[in-house]
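Letters A, B, ... mirror the listed sequences (proteins, then strands); counts begin at 1. Keep in mind it's a predicted model, so treat the numbers as computed, not measured.
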Amino acid sequence: MKKHVTPLATVPAGKKVRIVSLAGGRGMYARLASMGLVPGSEIEVIGRGAPGPFIATAGNCHLAIGTGMAQKIMVSENGK
Amino acid sequence: MEAKIALTGNPNSGKTTLFNELTGARQHVGNYPGVTVEKKEGTYIHNGDKIHVVDLPGTYSLTAYSEEEVVARDFLVNENPDVVIDIVDAANLERNLYLAIQFLEMGVPVCIALNMIDAAKSRGVEINAERLSTLLGNPVIPTIARTGKGKKELITAAVKMAQERERKDPLKISYGDDLDEAILEMEKAIKTSNFLTDTYQARWVALKYLENDKQILSKGKGINPSVSARLEEIVEKVSLHLQRTLNIYPEAMIADQRYGYINSIIKQGVIQHKYDQNRLYTSDKIDKVVTNRFLGPIIMIAVLIALYQFTFTYSEVPVGWFESFFGWLGDTASAHLPDGLLKSLVVSGVIDGVGGVLGFVPLIMFMFLGIALLEDSGYLARVAFMLDRVFRTFGLHGSSVMAYIVSGGIAGGCAVPGVMATRTLKSPRERLATLLTVPFMSCGAKLPVFVLLIAAFFAKNEATIMLAITLISWAGALLVAKFLRVTIIKGESTPFVMELPPYRLPTFKGLAIHTWERTWQYIKKAGTVILGISIILWAMMTFPGLPGSRVQEFDNMRETVKVAAGETAVRELEASREETKLSGQSEALQNQLIIIDGKEAEEGLRNSVAGRMGIALEGVSKWAGFDWRTNIALVGGFAAKEVVVSTLGTAYSLGEVDPEETGSLSETLANTPGWSPLVALSLIIFTVFYAPCFVTVVMIVRESGSWKWGVFSMAFNTVLALVLATLVFQIGSIMGILVS
């Protein structure tokens, strides 16, 4: 079954998703990867931004992610 | 033996706590040369051995992405520490090992502190440290930095590593066939031409070229352009291939493979999840309220006001002690030194200058205690998070708010701790834009100037004008920040990804150390640079003195009034003390003498270097409505803004004017021809924007790492202030508003 891929920015609060790809520039990939956001990792949206950053948990830590950046993180719903 | 240990780790991994736990008060805080990154060093005595501990900046990776990362890896390469202790947050093992792996790839000896095992346990994460140690081939010691648990074992293991001095081969991870092949080819080219190999391992250089690492690329180009071009060619080829086949850049591939390697390790029985991870933890519960869309901002405003109240209310008493101490010191010096230049230098130059600066110490201490409290508890990160949207519009960062508030965002702060508070900003461009604009805020020293002018010309609308001034300074600061960010501090905003650390109860030790180290830096500055500058300013307002003939004339005038008043009155005045009630005649004599003294002071000031500057500046300042008297006061305001009021007093021959009691001065101004509400408004605008006081300038230089920015802030702010004040004055004059 084909996965439904959306930007993180559209994910409602309380939902768990898996990162599929990072659409940003070259520097961004390395930056996000070093903070534990790589394709395959599971994150949960705690608080929706817009305006203002998103709060998401990756592993056991909370990350605040700017709305612009949340547009570039492509995710799919878990388990599909 | 002596050993050098470097502490590294992710931000929020408890690195600073461990550093404080190890070194206690034996710390030294400085800056890495040329950058704004703080360098902390200390010593720890272990079984009689002196161990030198360096706290490297917290980083997530060792790319050239941020100043911190470059500083950390340059330190490892150039200073060659005996051991690196990597502090790893046990609850976030995977991500933290990402950094650890990179140390192993560099070939540095790493001892891992598996920190906060208690917190991990309570989250159901159990880690088998021994197993991890075997798999990584490096010691792994469980610790709880907050309580000091595991500290001894950690240092013992680290010292053992340092003594053995056994350099292991760098860790080699497979990055997939394509990259591995390219790395081999690059390694060969690097080794045959000894390209950068005196400092770096060949494989590591190859990896950095693949990662498109700006620092290594430019170093390589500088040292051997042809080899560098050859390496870039290989990178280009494999990069194109990767993009065609996998749609991925080499550095992404490298990151993925590193995580793959980490996963292969921790899946071998290192980590065990005890129970469901869906529990809502205390931190999340607090965040639900504190970052709530409606409650969040209200709580934030309350917290900021509380911090402000705390700082300025509670520091008032100790500030008073400092003031009375320096007042007493000044009086004692006045009483014991013979009249003359030496006395004037000691009292007005040294004691008033340094005293004025050291008087800020309690204020700064309270401010930093408040900030340390917010920072260590984790709340500051939430404030930055909530305000990021607003500040981003102006090219700043959510964390900028702290610096603005401290500097007088709510009227009455101080730009000195404000500039220092920009340290919580991690991105250099936003930080620079913030520290250059905080001096526009209405600091406590500008308030007497505003109060004086408002009392003289706008007595009916006091509160409205004060509010307007506050709004003007905010608008000005934010717009100037925006202007700087699109002109000279250009560059994209740092993308916003920030870790929100879990809420923690700050430890007393941590608070005490953080507060003290920053305060101490300030005190040291006061003793050196600031002393020098106060002496220069004193000299400018003193030399050249009045010619002897003129002094003689004033003496004669005094004699004349004394003779006219009669001997009894003179004797009564001379014998009287401050509190004695004088007879009518004697009081009249005293007033006459005060007038003559005032006139002499006025002439002296007019004749001094500062006075001549004031007169020379009239050519420009008249467009904004200021005469030479105002100019001198503004020049004096560069020493400290309070000086504007006292210098105006001297310039209007009122003698010493206490900035707290300006009644007579405001009356004089209101009745002086040439002054009008419009001039006052123009002067208010000028005071908001012009050059920061020299203590602030010194701090800007220190915090930005270059004199350039200190000079810039003086020149740019003054020009801006002059333009704005001129606009106000000219437009007002043409339209005939407020002219009488």
Side-chain angles (χ1 to χ4, degrees), chain A residues 5 7-9 12-75 78-79, chain B residues 10 12 59-63 65-66 69 89-96 98-99 102 119-120 123 125 211-212 214 247-252 254-256 258-259 263 277-278 281 283-284 287-288 291-293 381-382 384-390 392 398 493 495-502:
Chain A
V5 178
L8 178 66
K15 202 152 208 177
K16 274 190 180 174
V17 291
R18 199 171 281 280
I19 297 180
V20 175
S21 64
L22 305 171
R26 299 186 65 170
M28 183 178 135
Y29 194 103
R31 167 87 169 146
L32 289 178
S34 71
M35 297 182 85
L37 298 173
V38 271
S41 54
E42 191 185 66
I43 57 176
E44 182 181 350
V45 177
I46 299 282
R48 253 180 70 79
F54 279 63
I55 304 185
T57 55
N60 268 324
C61 75
H62 284 49
L63 296 172
I65 301 170
T67 319
M69 194 159 255
Q71 293 284 357
K72 294 176 183 154
I73 300 175
M74 305 306 286
V75 297
N78 238 358
Chain B
N10 279 188
N12 307 311
T59 60
Y60 294 104
S61 181
L62 287 180
T63 55
Y65 177 82
S66 71
E69 294 179 25
D89 173 6
N92 287 297
L93 189 61
E94 253 182 283
R95 191 195 72 193
N96 280 259
Y98 187 75
L99 179 67
Q102 294 181 63
R123 293 192 163 213
V125 181
E211 284 180 319
N212 193 26
K214 295 215 171 62
N247 189 26
I248 195 171
Y249 282 107
E251 69 267 26
I254 291 172
D256 290 352
R258 277 190 189 134
Y259 274 110
N263 270 316
Q277 287 184 22
N278 277 338
Y281 301 102
S283 250
D284 299 313
D287 263 340
K288 274 238 151 82
T291 61
N292 178 286
R293 208 170 287 183
R382 271 78 182 177
F385 157 77
M386 281 187 278
L387 283 171
D388 190 65
R389 179 83 176 185
V390 181
R392 183 152 300 253
S493 301
F496 190 80
V497 206
M498 195 176 75
E499 192 176 343
L500 297 175

ask   = Any donor-acceptor pair under 3.5 Å linking the side chain of A/Gln71 with the backbone of A/Thr67?
value = no
request  = Can you tell which part of A/Ala70 gets under 4.5 Å to a heavy atom of chain B, answering side chain, backbone, both or neither?
outcome  = neither
ask   = Quick one: are A/Phe54 and A/Met69 in side-chain contact, heavy atoms under 4.5 Å?
value = no
request  = Among the options B/Thr63, B/Asn292, B/Asp388, B/Asp256, pick out the one with the most heavy-atom pairs lying under 4.5 Å from chain A.
outcome  = B/Asp256
Region of B/Glu94 in contact with chain A, defined by heavy-atom distances below 4.5 Å = neither
ask   = Counting heavy-atom pairs under 4.5 Å to chain B, which of A/Ala30, A/Ser41, A/Gly36, A/Cys61 comes out on top?
value = A/Cys61
remark   = Counting heavy-atom pairs under 4.5 angstrom with chain B, the leader among A/Leu63, A/Leu32, A/Leu22, A/Thr57 is A/Leu63
task = Report the option among A/Pro39, A/Ser34, A/Ala33 that has the most heavy-atom pairs separated by less than 4.5 Å from atoms of chain B.
result = A/Ser34
query = Is it the backbone or the side chain of B/Thr59 that comes under 4.5 Å from a heavy atom of chain A, or both, or neither?
reply = neither
Part of B/Asp89 within contact of chain A (heavy atom distance under 4.5 Å) = neither
ask   = Between B/Ala91, B/Ser61, B/Ala255, which shows the greatest number of heavy-atom pairs under 4.5 Å with chain A?
value = B/Ala91
query = Should B/Asn212 and B/Tyr249 count as side-chain neighbours, where that means a heavy-atom distance under 4.5 Å?
reply = no
